[in-house]
Amino acid sequence: MLTHLDCSRCDERYEPGRVHTVCRCGAPLLARYDLARAAHELRPGHLALREPTLWRYREVLPLPETATRVSLGEGFTPLLPAPRLGARVGLPRLLVKEEGGNPTGSFKARGLGVAVSMAKALGATDVCLPSAGNAGSALAAYAAAAGLRAHVFLPRDIAKLFVMETTAYGAHVEMVDGLITDAGRVCAAQAKEHGWYECATLKEPYRLEGKKTMGYEIAEQLGWTLPDAILYPTGGGTGLIGMWKAFAELEAMGFVGSKRPRMYAVQADGCAPIVKAFHEGREDAPLWENASTHAHGLRVPKALGDFLILRALRESHGAGIAVSEAEIVAGVKEAAACEGLFMAPESGACVAAARKLKVSGHLSPDDSVVLFDTGTGYKYVENMAPLW
C-alpha cells in the first residue's frame, strides 16, 4: 500500500519501485501509504491473529506483497510494568519497552530488517552503513539471511565484541579513526564508488519504517491508547522520528485520537547536540565538538534528522535532557536491581532522565511513562567496565 515518498523538508515527491537515498535538497525521504485501505485491513480483531513480529503491520510497511521479507523474528517486544523502578524514581505508572530480545540484541533489528528486505527487493547485492556497534551487527545478520554482502564501517575504539559479532555474520568490517560521523564519510564515499545500497541512518527511506513499528506496538499493547510520555535514548533519533510518524498514521486510520505522548530525547552530557539545540530554540543541531560518552549509541555529534527530532519534541511539548556518565551507570544498576533488566547504557541514561524529569516537574506521578530499553547490556561490558 506504499503510494509514494516525499521529502521531509520540501515538497518534492518520489515514486517507489527504485532505489532512493535522500531528497535533492538533502533531507530524508518519508514513505507514504494508502491509509484508508490500510485501516480496513489493520483492524484490532485481525491483528490479534497475526504473527508476533513487526510484520503484523505489513499494510503500513513498504515491502511489496510479491517480495520476500528477510526476517529473523524482529519486533513485538514486551511492554513491561516496572513498579519497583517506578517507585524509586517517583513514577508509579512506569513501563519499559524491552527491545533487548530482538535479533542481535537490540532495536536496530527492526530498521535493518525492513531496510535489507527492501534492498533485496530493489535488486541490491551489497549493503553498507557506519555504526556505533548494534546497527552494524544487525545489518550483517540480515544481509547474511538475505544472501547479500555487507560492508560495515566502525570507529576504531569500538568494543571488540561488536567487531567479532559483525565479522561472524560474514560482513566486511573497516575500522575508521574518529567517531561514527567519520565512519559515515568513508562509508558514503565507498557506497558511491561501488554502487552499494547505503543503509545509514535516514540515508534511505525504509529503515525508519521498521523503527516506527515501536509506536504501533505501544498503541496496540496499551489497548489503542498512547502513554503520557516516552523517554527515548537519542543518537541518530530514527526511532523517535519513526514513532512520531506512526502516531500520525494511527490517528489518520482512526485507531487513536489526537492526543500525543510528550517525547523526551535523552542524551549524554558529553554529546548532547539535540538537547543544546532544543534549549537554544534552534531548528537544527550544529555539530557537537569532541563528543564523548561510554554509551556509544549516543555518541552521534551530528544527526541528519536533527530538525525532525526537534520538531517532534516541540510539537509534543516534550524536551531534550542530558545526563552524566555516572548517572548512566547508576541507571543501569538501578534497573537491573529493581526489575531484573540489564540495560544498555543508552537506556540507563533514560532511567536517570526519568528521575530528573520527575524532580523538575516535567513528569508527574499520575503520568503513564514508557521508557525504552533499546538493547541488552551484555554487549557493553567492555566499554562500561572502567566506570563500574
[X] versus [Y]: any side-chain heavy-atom pair under 4.5 Å?
| X | Y | result |
| --- | --- | --- |
| L47 | L42 | yes |
| L308 | L240 | no |
| I321 | L357 | yes |
| V370 | L79 | yes |

Minimum heavy-atom distance between [X] and [Y], given as atom pair plus value:
| X | Y | answer |
| --- | --- | --- |
| A354 | L363 | O-CD1, 4.2 Å |
| I158 | A132 | CD1-O, 3.0 Å |
| S131 | L129 | CB-CD1, 3.8 Å |
| E59 | A38 | CB-CB, 3.9 Å |

Cationic N near anionic O, under 4.0 Å, [X] to [Y]:
| X | Y | answer |
| --- | --- | --- |
| R110 | E99 | yes |
| R37 | E41 | no |
| R69 | E51 | yes |
| D367 | R93 | no |
| R299 | D157 | yes |
| E315 | R260 | no |
| E283 | R311 | no |
| E74 | R56 | no |

Problem set entry | Connected-component partners of F153 among ILVMFWY, side-chain separation under 4.5 Å |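 When side chains under 4.5 Å apart are linked, the cluster holding F153 also contains V176, V186, W196.
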
Exercise. Who else is in V300's hydrophobic cluster (ILVMFWY, side-chain heavy atoms under 4.5 Å, direct or via others)?
Worked result: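 I180, which link up through side-chain heavy atoms under 4.5 Å apart, make up the rest of the cluster.
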
Side-chain donor/acceptor of [X] to backbone N/O of [Y], under 3.5 Å:
| X | Y | value |
| --- | --- | --- |
| S106 | N102 | no |
| E346 | G297 | yes |
| N383 | H294 | yes |
| S117 | V70 | yes |

For this session: State which residues pass ring pair (Phe, Tyr, Trp, His ring centres under 6.0 Å) with F255; sequence neighbours excluded, sorted by chain then number.
Result: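 Result, ring pair (Phe, Tyr, Trp, His ring centres under 6.0 Å) vs F255: W224.
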
For this session: Report the C-alpha distance between D6 and R32 in whole Å, list the side-chain angles of each, state the deciding distance to 0.1 Å, and finish with yes or no for salt bridge (Lys or Arg N to Asp or Glu O under 4.0 Å).
Result: CA-CA 7 Å; D6 63 23; R32 302 302 185 188; 3.1 Å; yes

Exercise. Is NZ or CZ of K333 both nearer than 6.0 Å to the six-membered ring centre of W388 and within 45° of the ring axis?
Worked result: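 So K333 does make the cation-pi contact.
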
Problem set entry | K211 NZ to K108 NZ distance, which is reported to the nearest 0.5 Å |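 Atom-to-atom, K211:NZ and K108:NZ are 4.5 Å apart.
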
Exercise. Going from CZ on F278 to CG on L313, what distance comes out if it is rounded to the nearest 0.5 angstrom?
Worked result: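 Here the interatomic distance stands at 6.0 Å.
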
If you look only at distance, which donor and acceptor atoms sit under 3.5 Å apart when one is on a side chain in residues 17-30 and the other is two or more places apart or in another chain?
{"unit_1": "H20", "atom_1": "NE2", "unit_2": "E15", "atom_2": "O", "d": "2.7"}
{"unit_1": "R24", "atom_1": "NH2", "unit_2": "E12", "atom_2": "OE2", "d": "2.3"}

Exercise. Sequence neighbours excluded, which residues qualify as side-chain hydrogen bond (donor to acceptor under 3.5 Å, both in side chains) partners of E339?
Worked result: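 Once residues adjacent in sequence are excluded, the partners of E339 under the side-chain hydrogen bond (donor to acceptor under 3.5 Å, both in side chains) criterion are R84.
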
Exercise. Taking everything shown except M175 itself, do over 12 heavy atoms lie less than 6.0 Å from its CE?
Worked result: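 Yes - once you tally the heavy atoms of other residues, nucleotides and ligands closer than 6.0 Å, there are more than 12.
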
For this session: Go through the steps for K356 and E327 under the test salt bridge (Lys or Arg N to Asp or Glu O under 4.0 Å), then give the verdict.
Result: CA-CA 10 Å; K356 294 175 82 166; E327 288 172 321; 3.6 Å; yes

Exercise. If two hydrophobic side chains count as joined below 4.5 Å and joins carry through other members, does I230 share a cluster with M214?
Worked result: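 Same cluster.
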
For this session: Kindly state each residue pair satisfying ring-ring contact (aromatic ring centres under 6.0 Å, His included) with at least one member in residues 333-386, sequence neighbours excluded.
Result: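 Output for this query lists F162-Y380, Y232-F372, Y264-H362, F342-Y378.
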
Problem set entry | Trace of the side chain to side chain contact (heavy atoms under 4.5 Å, CB included) decision for S316 with F247 | CA-CA 11 Å; S316 71; F247 300 148; over 6 Å; no

Exercise. Do T3 and D34 get their side chains close enough for a donor-acceptor pair, meaning under 3.5 Å?
Worked result: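 Judged by distance alone, the side chains do not pair up.
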
Exercise. Do the side-chain N and O atoms of H151 and D126 include a donor-acceptor pair separated by under 3.5 angstrom?
Worked result: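 On atom types as modelled, these side chains qualify, holding a pair under 3.5 Å.
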
Exercise. Taking it one step at a time, do R355 and E334 satisfy salt bridge (Lys or Arg N to Asp or Glu O under 4.0 Å)?
Worked result: CA-CA 11 Å; R355 176 177 276 108; E334 201 164 19; 2.7 Å; yes

Problem set entry | Positive for side-chain contact (heavy atoms from CB on, under 4.5 Å) with D373, one of C350, S347, P233 |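 Output: one option passes, namely S347.
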
Problem set entry | Candidate pair K192 and E198, rule salt bridge (Lys or Arg N to Asp or Glu O under 4.0 Å), full reasoning | CA-CA 9 Å; K192 183 177 181 180; E198 192 175 1; over 6 Å; no

